[in-house]
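Beneath this line is the structure, given in structure tokens, with notes to follow.
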Amino acid sequence: MKLKSVNPATLEVLAEIDTTPVEEVFEISKKAQEVFRKWSATTIDERLKLLKDARDILYREKDEIAKLITLENGKPILESYSMEIFPTLDLFEFHIKNARKILKPRKVRSQIPLFWLKRNYIHFEPLGVVAVISPWNYPLLLPIAPIISALVAGNCVIFKPSEYTSLIGLKIYEIFKEAGFPDGVFNIVVGFGDVGEALVNSHIDKISFTGSTKTGRIIMQNAGKKPIPVTLELGGKDPMIVFDDVDIDLVSSSAVWGAFANAGQTCVSVEICYVQEKIFDDFVEKVVEKTKNLKIGNGLDPDVEIGPINNERQLMIIEKQIEDAISKGAKILTGGKRIYPKDKNGNELKGYFFEPTVITDVDNSMLLMREETFGPVLPIVKFKDEDEVIEMANSSEYGLSASVWTKDKKRAKRIVEKIKSGSVLVNECVVHYGDAKAPCGGVKSSGFGRVHSEFGIYDMVNVKFESFDFVSPYRLWWFGYDEKLLVTIKDAISFLYSPSLFQRLKSSLFLVPNLFRKEKSKI
Ligand code: NAD
């Protein structure tokens with residue numbers, strides 16, 4: 001079977017790609033299991049050397065890759081560099097500089113003094129074969145994070161790119177191959193949901209999934225049959241909360257960028273803007289004015305700010321939500337429909353463009369307010385005070401990220417503590433996803449587990465506790481229970497945990513001789 005890679009701006013077919021037959025997915029996973037034994041025995045320095053080579057190839061090919069991202073995904077070329085190439089190189093840097101330290105075995109002294117004769121360690125072992133299943137919205141950045149965290153920890157990887165961005169997936173595969181990762185260590189399977197499902201059911205030991213909440217639920221069910229661990233990076237409905245003490249001009253620019261960068265197809269984009277009543281009208285006016293000035297078109301033109309929606313399925317979701325909102329009384333202030341912008345030669349583009357849309361008079365009966373839109377649509381809602389806006393923001397089924405805009409540091413801290421989400425930014429939005437040291441992930445229907453930072457690497461390992469004891473004599477707590485042992489255990493509890501110093505000292509007088517009594521029967 002073949003799938004078509006399509007340029008969403010022009011609808012031109014970029015390539016026809018053979019999909020991986022489902023039976024082959026199982027074969028690839030079996031081979032990866034065999035290869036894993038050898039690969040997991042490599043040293044971290046050997047793996048980091050390959051990672052450095054992959055980083056250098058990505059750097060060398062950055063122009064070709066940025067262009068491919070714009071062609072296949074649709075985003076403006078500037079964003080292909082700023083929101084894909086840039087943070088992806090930084091993820092490599094982070095792993096190259098920090099993975100050795102993060103994965104270094106640790107010596108731990110037991111909490112309980114009775115165990116102090118033991119030598120205890122924590123080792124971070126690879127899990128085995130990791131499936132990385134990705135969406136289309138950031139086709140380079142999103143898969144690379146779990147791929148390199150998994151590889152550097154000694155896992156093998158089977159990567160399933162989105163059916164809408166398979167060419168970029170294949171380019172990632174080429175990079176790792178050219179870098180010299182041995183056969184079977186980094187693998188790719190190409191295709192639709194059925195290929196993803198086959199991968200989930202194949203011989204794998206962990207799934208790192210980024211995509212919709214709907215697919216995440218199916219994946220978790222299937223993974224539960226084995227069971228194997230899953231990391232789910234799912235949808236979001238991120239609120240931007242704007243208080244009336246802000247610089248309206250500055251913050252309205254942020255709202256427009258946060259909602260419309262990558263045509264709103266960012267998991268941590270601003271999906272709803274809550275604005276305090278005193279500045280509501282002025283703020284909305286500025287947002288509308290700035291939105292109308294955005295340049296829509298083919299992302300290959302360097303001054304284009306809004307590219308197409310990546311695919312028709314996503315465009316239809318956006319259209320359905322707008323229709324539903326209008327039918328329930330919402331007011332469109334700008335945008336609201338599909339358009340066919342002209343390219344620089346004056347020719348109409350046939351792709352999946354949707355006007356950046358600002359919308360007010362919305363309420364929770366509308367799909368737009370409850371479900372993820374994942375498009376260039378910004379509903380703006382008025383609020384009175386802190387309590388009201390926290391309740392509004394936390395009423396969402398999702399909890400991926402949020403932003404708070406105010407000059408009042410104490411208020412910012414109060415709100416940050418009360419928002420239920422994986423991250424909250426003050427006077428900033430979206431960009432933390434590009435920071436390799438910021439753990440990213442969600443709560444509620446936005447999923448669980450983390451990518452990026454040391455937590456993304458720990459997500460890919462078995463945290464193994466190893467304890468060595470070559471010196472302890474017969475253990476006090478073994479069988480041979482009697483009254484005297486009961487008293488000894490009680491004394492140990494009092495000695496360690498009694499709030500009274502006198503009681504502790506008293507217990508120690510009885511405890512010490514009893515700890516080493518010889519006459520206990522050995523069973
Ligand atoms: P999707 O769930 O439709 O597809 C994601 C991937 O899963 C694709 O590769 C697809 O082929 C595969 N797939 C589909 N059905 C499958 C099945 N039954 N078993 C295994 N794999 C299957 O998502 P999408 O439309 O590609 O991406 C958009 C979604 O991704 C949005 O909801 C967005 O919020 C989310 N997202 C989340 C994050 C995050 O970090 N939380 C980041 C980016 C995107």
Side-chain angles (χ1 to χ4, degrees), residues 3 8 19-20 22 25 72-73 75 83-84 87 131-146 158-166 168-169 188-202 204 207-225 228 230-238 261-271 309-318 371-375 396-401 421-423 430 432-434 438-452 456 459:
L3 67 76
T19 59
T20 312
V22 165
V25 176
E72 202 182 31
N73 166 273
K75 69 185 60 180
M83 297 174 91
E84 298 260 21
V132 174
I133 304 177
S134 299
W136 43 263
N137 60 324
Y138 285 84
L140 179 73
L141 174 66
L142 291 178
I144 286 283
I158 306 177
F159 168 39
K160 153 75 178 79
S162 166
E163 52 272 43
Y164 295 109
T165 49
S166 301
I168 300 157
I188 188 165
V189 293
V190 177
F192 298 90
D194 60 331
V195 174
E197 192 156 341
L199 178 57
V200 169
N201 294 325
S202 71
I204 55 165
I207 303 167
S208 178
F209 172 76
T210 309
S212 63
T213 300
K214 188 173 156 221
T215 310
R217 288 196 174 106
I218 298 171
I219 285 184
M220 193 161 165
Q221 256 177 354
N222 287 336
K225 289 179 201 153
I228 51 170
V230 278
T231 296
L232 298 179
E233 303 287 331
L234 310 178
K237 193 80 199 160
D238 293 6
N262 199 25
Q265 304 161 106
T266 303
C267 54
V268 289
S269 69
V270 173
E271 283 255 333
I309 302 306
N310 174 262
N311 55 75
E312 195 166 21
R313 187 186 72 176
Q314 191 57 40
L315 182 65
M316 282 161 68
I317 294 174
I318 299 164
E371 294 179 5
E372 186 185 44
T373 308
F374 221 55
S396 170
E397 171 199 345
Y398 296 100
L400 195 55
S401 190
S421 73
S423 55
V430 179
H432 66 300
Y433 206 94
C440 291
V443 296
K444 301 196 273 183
S445 293
S446 292
F448 48 79
R450 293 292 178 264
V451 289
H452 301 183
D459 217 53

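Whatever order the structure lists ligands and atoms in, that order sets their numbers, starting from 1.
Of all protein heavy atoms, the one lying nearest to atom 41 (N) of ligand 1 is L234 O, 2.7 Å.
Heavy-atom contacts from other residues, nucleotides or ligands closer than 6.0 Å to CD of E397 number more than 12.
Of the listed options G196, S134, P135, S134 places a heavy atom closest to atom 8 (C) of ligand 1. Among G169, G211, G422, the residue whose heavy atom lies closest to atom 30 (O) of ligand 1 is G211. Nearest-heavy-atom check against atom 13 (N) of ligand 1 across T213, T215, T373, L199 picks out T215.
With a heavy-atom cut-off of 4.0 Å, L400 touches ligand 1 through its side chain alone. Only side-chain heavy atoms of R313 come within less than 4.0 Å of ligand 1; its backbone N, CA, C and O stay farther off. The proximity of S446 to ligand 1, defined as any non-hydrogen pair under 4.0 Å, does not occur for either the backbone or the side chain. Of the heavy atoms in Q314, none comes closer than 4.0 Å to ligand 1.
Near I219, with a cut-off below 4.0 Å to any heavy atom, the atoms of ligand 1 are 19 (N), 20 (C), 21 (N).
Under the 3.5 Å distance criterion, with hydrogens and angles disregarded, no donor-acceptor pair is assigned to the side chains of K444 and S421.
No donor-acceptor pair under 3.5 Å is formed between the side chain of E271 and the backbone N or O of E372.
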